[in-house]
Q: 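Quick one: this structure, given as structure tokens, is what I'll be asking you about.
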Amino acid sequence: MAKPFYITTTLPYVNSVAHAGHALEYVQADILARYHALIGDEVFFNTGTDEHGVKIYRKALEEKKDPQAYVDEYAEKFKLVVQKLNLYPDVHFIRTTDPHHKAAAQEFWRRCIAAGDIYKKNYEVKYCVGCELEKTDSELQNGRCPLHPNLDIEIIKEENYFFRFSKYQVPLLDLYARRPDLVVPDYRFNEIRAFVAAGLEDFSISRQKTKMPWGIPVPDDPDQVQYVWFDALINYISTLGWPEENEKFEKFWGIIDSPKALQVAGKDQIRQQSAMWQAMLISANLPSTRQIVIHGFITSGGQKMSKSTGNVIDPMTIIDEYGTDALRLFLARHIHPFEDSDFTMEKFKESYNADLANGLGNLAARILTLAEANLEKPVEHPAPIVFPAEYTNALEKYDYNTACDNVWKLIGELDKDLTDKKPFSVVKADPEAGKTMIADMTKRLYTIARLLQPILPTTSDTLKAAIGANKKPANLFPRKE
RNA sequence: GCCGGCGUAGCUCAGGUAGUUAGAGCACAUCAUUCAUAAAGAUGAGGUCCCAAGUGCAAAUCUUGGCGUCGGCACCA
């Protein structure tokens, strides 16, 4: 009986195109999805786009587009990214403007009301006339907008709905105590625990429709829409057909005593994912997330990527030049799973040439040339292997770097054996012995291809097909200068 | 300011409950070679393990202090 495995990324907000950080999160989640599929689990992999809110509304107006037309366009762009990164074919792509998601968000809201956790109150918004934007305290300096220090900040009163977050301090701390691996890595868990322990304030979860209509309507209140991320978080369960498809929901998301869902998110998302969303789930009487894995950010040349610095790495450009698997390997092997990491073209090219052109690509060429020339028929596929413990343990701990290192250790050993045992010489002196060696090494290459499946799916398939046909493929990774 | 992490070869990092000459991958140099993508292989160079004091027979590893650096301390998603 296949074990259900649920995994989701966060949904990118569609006010800009996909960047390297999105690619990292997609690839990390995809490696886990594919790994679990490989070991026989029934996988539900969710991603999609977060499409409501004031920023999108403004951008649509700026571009003189209907908001729906604007988000349709961006959703297509992100779908293309998902495709180009070669994510798991059955990935479920949810959009927060999907009718079913809207209905689910409204139902979720009603459940929170039923729990007594939503109430209306006057909310004071700080507003900078210069920016024409609302400002938070952390954005202000000495009570003034840093961009427009000569203008006074205006206080606008707005009636909004609030979520009774304060009520969930103890329940959240209980949850954290019960589930000591809820958030990975542990220092991120400590951060959120400290944050919750310091006390929680209720937060606003709606906006006035007259000012900002681009959101999901609040049930039974035509004047308010849900604040964007309240609705956005609900995608993790609406994607499963919640609330109608309860069987599917329990199968993948779990039940209260046995949560199953795995979430991957960036370090800027800790609070939303591991505190606010978990409180919302408790309020709606639904199971919590089983585990939230927090990754770091990608920097370039030690700095945040920005157009003005000119250090932006565009994942799509890299794919066009080097191929999807080259990008996937760099993200998996050379970007730290949890800490911020540097991504420069120099480092990328170095790793491409070392790991792929000189490493895997060259090894495949060596072996398959010998196999094609000397074996009469393709080798029989080795029986499904037991994966090396170092490899599986690393993936269970989200240590993609070490999982890759483990495969590359096998590549190195096979390469060295080929050099030392010289089947290319042996086959001339003693054809049968040489052929046996070549067949054996071809099988080892097949095993490596299987281990590569979650990380480099296309390369894995190409290698397996080549071995199956006993035909050397074209250069997998041409060396780049 | 408060809390926490980190500081080890050119680069990215591992080790670190103290115990032989400090490790890996990449990069670099030399040699050799062809089954292969001028690739792979062998050999080698490269480190006062941030600084100082302390506790030990013994400290990169423990303690204290200092310096440096990074992260968190709510409504930007």
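To find a chain, count down the sequence lines: A is the first, B the second, and so on, and within it residues start at 1. Just so you know, these numbers use all the heavy atoms, side chains as well, and skip hydrogens, waters and symmetry mates.
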Q: B:U21 and B:C49: how far apart are their C1' atoms, nearest whole angstrom?
A: 15 Å
Q: Nearest to the side chain of A:R271, which nucleotide is it out of B:U37, B:C73, B:C75?
A: B:C73
Q: How close or far is atom C1' of B:C35 from atom CD1 of A:I367, stated in whole angstroms?
A: 10 Å
Q: Between B:C26 and B:G1, how many Å separate the two C1' atoms, rounded to a whole number?
A: 42 Å
Q: May I ask you to check whether A:W229 and A:F203 place their ring centres under 6.0 Å from each other?
A: yes
Q: For atom P, what is the distance between B:G54 and B:G71, given to the nearest Å?
A: 35 Å
Q: Is the base of B:G23 syn or anti, where syn means the angle lies within 90° of 0?
A: anti
Q: Parallel, tilted or perpendicular for A:F163 and A:F165, by the 30°/60° rule?
A: tilted
Q: Considering all heavy atoms of both residues, which atom of A:N46 and which atom of A:Y236 are nearest to each other, and what is their separation?
A: ND2-CD2, 4.3 Å
Q: Measuring from the side chain of A:T419 (C-beta onward, heavy atoms only), which nucleotide among B:A74, B:U37, B:G41 has the closest atom?
A: B:G41
Q: Please confirm whether A:R271 makes a cation-pi placement over A:F195, using NZ or CZ under 6.0 Å from the six-membered ring centre and within 45° of the ring normal.
A: yes
Q: Without hydrogens or angle criteria, can the side chains of A:E158 and A:Q208 be said to hold a donor-acceptor pair below 3.5 Å?
A: no
Q: Regarding A:Q278 and A:T289, is there a side-chain donor-to-acceptor distance under 3.5 Å anywhere?
A: yes
Q: Rounded to the nearest angstrom, tell me the gap between atom NZ in A:K422 and atom P in B:A32.
A: 15 Å
Q: Over how many whole Å does the gap from A:D355 atom CG to B:U37 atom C1' extend?
A: 15 Å
Q: Apply salt bridge (Lys or Arg N to Asp or Glu O under 4.0 Å) to A:D221 and A:K209, showing your working.
A: CA-CA 10 Å; A:D221 187 339; A:K209 202 171 184 175; over 6 Å; no
Q: Between A:Y74 and A:F78, does the ring centroid distance fall short of 6.0 Å?
A: no
Q: For B:G46, which nucleotide in any strand shown is its Watson-Crick or wobble partner with both distances under 3.5 Å?
A: none
Q: Does anything in residues 189-196 of chain A reach RNA chain B, meaning a heavy atom under 4.0 Å, and if so which residues?
A: A:E191, A:F195
Q: Could you tell me the separation between the CG atom of A:L414 and the CG atom of A:L445, rounded to the nearest 0.5 Å?
A: 6.5 Å
Q: Looking at the side chain of A:R333, which of B:A39, B:G25, B:C73 is the nearest nucleotide?
A: B:G25
Q: Give none if B:A9 has no partner; otherwise give the nucleotide forming a Watson-Crick or G-U wobble pair with it, both distances under 3.5 Å.
A: none
Q: Heavy atoms from C-beta onward define the side chain here; which of B:U37, B:G72, B:C26 lies closest to that of A:E350?
A: B:C26
Q: Less than 6.0 Å separating the ring centroids of A:F230 and A:W109?
A: yes
Q: If we take the C1' atom in both B:C28 and B:G46, what is their distance in whole Å?
A: 9 Å
Q: Heavy atoms only, 4.0 Å cut-off, all strands: where does A:Q272 land among base, sugar-phosphate and nothing?
A: base
Q: Under a 4.0 Å threshold between the charged nitrogen and the carboxylate oxygen, would A:E62 count as salt-bridged to A:K59?
A: no
Q: Indicate, with a heavy-atom threshold strictly under 4.0 Å, whether A:D340 touches base, sugar-phosphate, or nothing.
A: nothing
Q: Check RNA chain B against residues 424-436 of chain A and give the residues with a non-hydrogen atom under 4.0 Å, in numerical order.
A: A:F424, A:K428
Q: State plainly whether the residues A:E413 and A:R444 are in salt-bridge range, i.e. N to O under 4.0 Å.
A: no
Q: Assert yes or no for the condition that the ring centre distance of A:Y322 to A:F348 is strictly below 6.0 Å.
A: yes
Q: Let me know, please, whether A:G359 or A:W229 comes out on the 5' side of the other along RNA chain B by nearest nucleotide.
A: A:G359
Q: Nearest whole angstrom, please: distance from the P of B:A24 to the CG of A:N401.
A: 18 Å
Q: Which of these nucleotides, B:C75, B:U37, B:C35, is closest to any side-chain atom of A:L418?
A: B:C35
Q: Strictly by Watson-Crick or wobble contacts shorter than 3.5 Å, is anything paired with B:C2, and which nucleotide is it?
A: B:G72
Q: Of A:T369 and A:D50, whose closest RNA chain B nucleotide lies nearer the 5' terminus?
A: A:T369
Q: For RNA chain B, what residues of residues 9-28 of chain A have any heavy atom nearer than 4.0 Å?
A: A:Y13
Q: Looking at A:R479, I'd like to know whether one of its side-chain N or O atoms comes within less than 4.0 Å of OP1 or OP2 on B:A39.
A: yes
Q: Round to the nearest Å and state the distance from A:I411 atom CD1 to B:A36 atom C1'.
A: 15 Å
Q: Can you check the A:E346 CD to B:C11 P distance for me, whole Å?
A: 15 Å
Q: Taking only the P atom of each, what is the distance from B:U69 to B:A60 in whole angstrom?
A: 26 Å
Q: Checking salt bridge (charged side-chain N to carboxylate O under 4.0 Å, His left out) between A:D72 and each of A:R95, A:K65, A:K79, which is the one that passes?
A: A:R95
Q: Rounded to whole angstrom, note down the P distance from B:A9 over to B:U30.
A: 25 Å
Q: Looking only at the side chain of A:K416 (C-beta and beyond, no hydrogens), which of the listed nucleotides B:A42, B:A40, B:A74 gets closest?
A: B:A42
Q: Which whole-number value in Å describes the distance from A:D415 CG to B:U37 C1'?
A: 12 Å
Q: Can you tell me how far C1' in B:C3 sits from the matching atom in B:G47, rounded to whole Å?
A: 33 Å
Q: Output the single nucleotide from B:C11, B:A40, B:A27 whose closest atom is nearest the side chain of A:N362.
A: B:A40
Q: Does B:A27 pair with anything, Watson-Crick or G-U wobble, both distances under 3.5 Å, and if so, with which nucleotide?
A: none
Q: In whole angstroms, how far is the C1' atom of B:A24 from the NZ atom of A:K409?
A: 12 Å
Q: Regarding A:L200, tell me which of base, sugar-phosphate or nothing describes its non-hydrogen contacts under 4.0 Å with the strands shown.
A: base
Q: With respect to the phosphate group of B:U37, does any side-chain polar atom (N or O) of A:N358 fall under 4.0 Å of OP1 or OP2?
A: no
Q: Please classify the nucleic acid contact of A:Y187 as base, sugar-phosphate, or nothing, using heavy-atom distances under 4.0 Å.
A: nothing
Q: Work out how far the P atom of B:A39 is from that of B:A27, and round it to whole angstrom.
A: 10 Å
Q: Are any non-hydrogen side-chain atoms of A:D355 and A:L329 less than 4.5 angstrom apart?
A: yes
Q: Can you tell me the pairing partner of B:A18 across any strand shown, Watson-Crick or G-U wobble, with both distances under 3.5 angstrom?
A: none
